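Remember, predicted model here, so these are calculated numbers, not experimental data. Remember, it's 1-based here, ligands and their atoms both numbered in the order they're listed.
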Amino acid sequence: MLRTVSNALRFSTASSFAAQSIPVPIHHHPHHLTHTHIHTHTHSHHPASTSLHHHTQLQLQQQQQQQQQQVLSSQHIFRNAVLSAASKSVTPISLRTLFEFGKNTSPKTLVLASQFLHNELPIRLSHRIVELENLPFGLSEMPSVKTVHGLYVDSFRLIHEFPKIRSIEDDLKFTDVLDGIKTRHNWVVQQMAQGIRELKKKIGADILGPELQQFLDRFYLSRISIRMLIGQHLALHALTPEERRQAMQTSGFVGIITKDCRPTHVAEDASRHAKQLCDTNYGVAPKVKILGSLDTKFTYVPSHLYLMLFELIKNSMRATVETQRSQRLGVPQEEMSQHLQQMLLRGEKLPEWLYDDHEYPEINVIVANGQEDVTIKVSDKGGGIPRSALPVLWTYSYTTAKNNDAVTSSVNGPSGSGSSLFDPSPSRGQGNTDRIAGYGYGLPLSKLYARYFGGDLELKSLESWGTDAYLYIRRLADHEEDLP
Ligand code: W6P
């Protein structure tokens, strides 16, 4: 039995696993047992066993060994299921396919949808499970990364062990399982960010190199795809057939996709929210003007578009406010909140323009309705970014770092306020205390959302003047998921 296990391990493809010493004290593998840690050690010198007769002790040992083998065996079977799934390729789906499929859903087709996910999700999860075990710099060993790994293993197990889906009842039960999984994964982005902070603390480096960046791009893109598939499935199940028909007729919605996604509307929503945030933070917010082909509509996931436009608009707002104030007051951006506080403490009157929206240059959102792409340009006069600092905006590794003013201050003009805006890094002074943007992953994640269905997101900067963000989205929904 043990030989079978170790042979299988020898031939297994997951390098970190195969690299374990063989024959295997499996309980030493950090990832192997996640929540159900069963202790199978044979404590032959356990004090309690000294009073037993030699005979019974042997029996006990044999029994324990048998138990150990059974545990090894079920672990081994599970591990093989993960590896087997990981050796399969994912099946990319186009937005159109998701849309068309959900358009005429009968209970029967919903069962088909569940069957597809029952097959597909373990593959997508298993790729991440294996990858999470083989990260560079010992990132796999960080507690938060292990937590995420455990979450993926548990989710894999729940889906993998769910029996074959045959009936509508099975479909509903399975959908509940997916709902639970999606919720439990809500904080994975933050948990991974935490894991990276843990690693940085341990190795004392700020920048972690392109390997990690690429891993995180793959990891988050995969996460977006899994959440898209589950989200669509849940949205279809949340309505009765009659309600689904109505949603389609009145708003063009099929699940979370609509054929009438209107960038103008989404940009208005995103601007409203960004304005609230900016007002809270600065007591003022630049105007947003929407121009171009205002009646553009196309098939897309409005929640994704919202997320991207919100990120871009709030970045533009922040850059605009900070640059304008800094220029007119002649105070570096990172000293601004302190400067204003001191003025107030000294009883000085703050200038009128400071809290007047109209004193700040407008942000322009231009919608272009092309054949191939719908392109949305978000254009600010927020002082721009040195060209050399642009790549940093796409990285996951710097905003979370402490005391990295050298990096942040090279971004966005004369003073620090780089990052995905509205998320003061720990190094930033008092004043900006909001945490709305979490860990400053907004920009790199937005690019992944754009790329997911074949679009892209680019930034162009006119240093000293402003920044233009170009968001490209495929006009036709035929593009299949871009998957890692
Ligand atoms: C800036 C920095 C930035 C990032 C993303 C979008 C707009 C802007 N403006 O100054």
Side-chain angles (χ1 to χ4, degrees), residues 263 266-267 270-271 273-275 277-278 281-282 284-291 304-328 332-334 336 360-367 375-399 404-405 407-425 428 432 436-451 455-473:
V266 178
S271 301
H273 184 191
K275 176 180 166 30
L277 210 60
C278 194
N281 226 29
Y282 298 110
V284 72
K287 293 278 172 208
V288 177
K289 200 191 237 170
I290 304 172
L291 309 158
H304 289 189
L305 183 59
Y306 177 89
L307 200 136
M308 296 183 281
L309 286 177
F310 174 66
E311 181 65 23
L312 295 176
I313 292 168
K314 79 185 158 78
N315 281 352
S316 284
M317 283 187 175
R318 178 172 177 175
T320 302
V321 173
E322 296 215 335
T323 300
Q324 184 72 359
R325 287 183 172 175
S326 174
Q327 281 174 1
R328 285 175 78 164
Q333 282 174 30
E334 72 272 14
M336 186 60 65
Y360 294 80
E362 277 177 349
I363 292 155
N364 286 328
V365 176
I366 302 156
V367 180
T375 310
I376 303 167
K377 180 166 87 165
V378 178
S379 198
D380 69 54
K381 288 192 195 169
I385 308 157
R387 204 149 48 95
S388 63
L390 266 175
V392 178
L393 289 185
W394 302 112
T395 64
Y396 299 100
S397 54
Y398 89 106
T399 45
N404 58 349
D405 288 333
V407 182
T408 44
S409 61
S410 67
V411 178
N412 215 345
S415 56
S417 65
S419 85
S420 163
L421 305 175
F422 290 95
D423 55 329
S425 65
R428 213 167 282 155
N432 292 349
I436 191 79
Y439 296 88
Y441 283 16
L443 271 183
L445 288 182
S446 293
K447 197 188 187 72
L448 296 181
Y449 274 99
R451 285 183 169 172
D456 209 352
L457 174 58
E458 292 172 12
L459 290 175
K460 301 283 177 198
S461 158
L462 294 81
E463 193 186 5
S464 87
W465 185 265
T467 306
D468 291 339
Y470 291 83
L471 175 58
Y472 302 97
I473 303 166

Modelled atom types, side-chain donor and acceptor of Tyr282 and Arg318, under 3.5 Å: yes
For atom 9 (N) of ligand 1, the option (of Asn315, Val378, Asp380) bearing the nearest heavy atom: Asp380
Side chains of Ser379 and Asp468, donor plus acceptor under 3.5 Å: yes
Pairwise side-chain contact, Tyr470 with Leu457, heavy-atom cut-off 4.5 Å (strictly under): no
Proximal atoms of ligand 1 relative to Leu459 (non-hydrogen, under 4.0 Å): 5 (C), 6 (C)
Ligand-side contact atoms (ligand 1) for residue partner Ala319, heavy atom cut-off under 4.0 Å: 1 (C), 9 (N), 10 (O)
Sub-4.0 Å atoms of ligand 1 with respect to non-hydrogen atoms of Thr467: 1 (C), 8 (C), 9 (N), 10 (O)
side-chain hydrogen bond (donor to acceptor under 3.5 Å, both in side chains) involving Arg328 - partner list, sequence neighbours excluded: Glu359
Interfacing atoms of ligand 1 (cut-off 4.0 Å, heavy-atom, Ile385): 2 (C)
NZ/Lys275: more than 12 non-hydrogen atoms of other groups inside 6.0 Å: yes
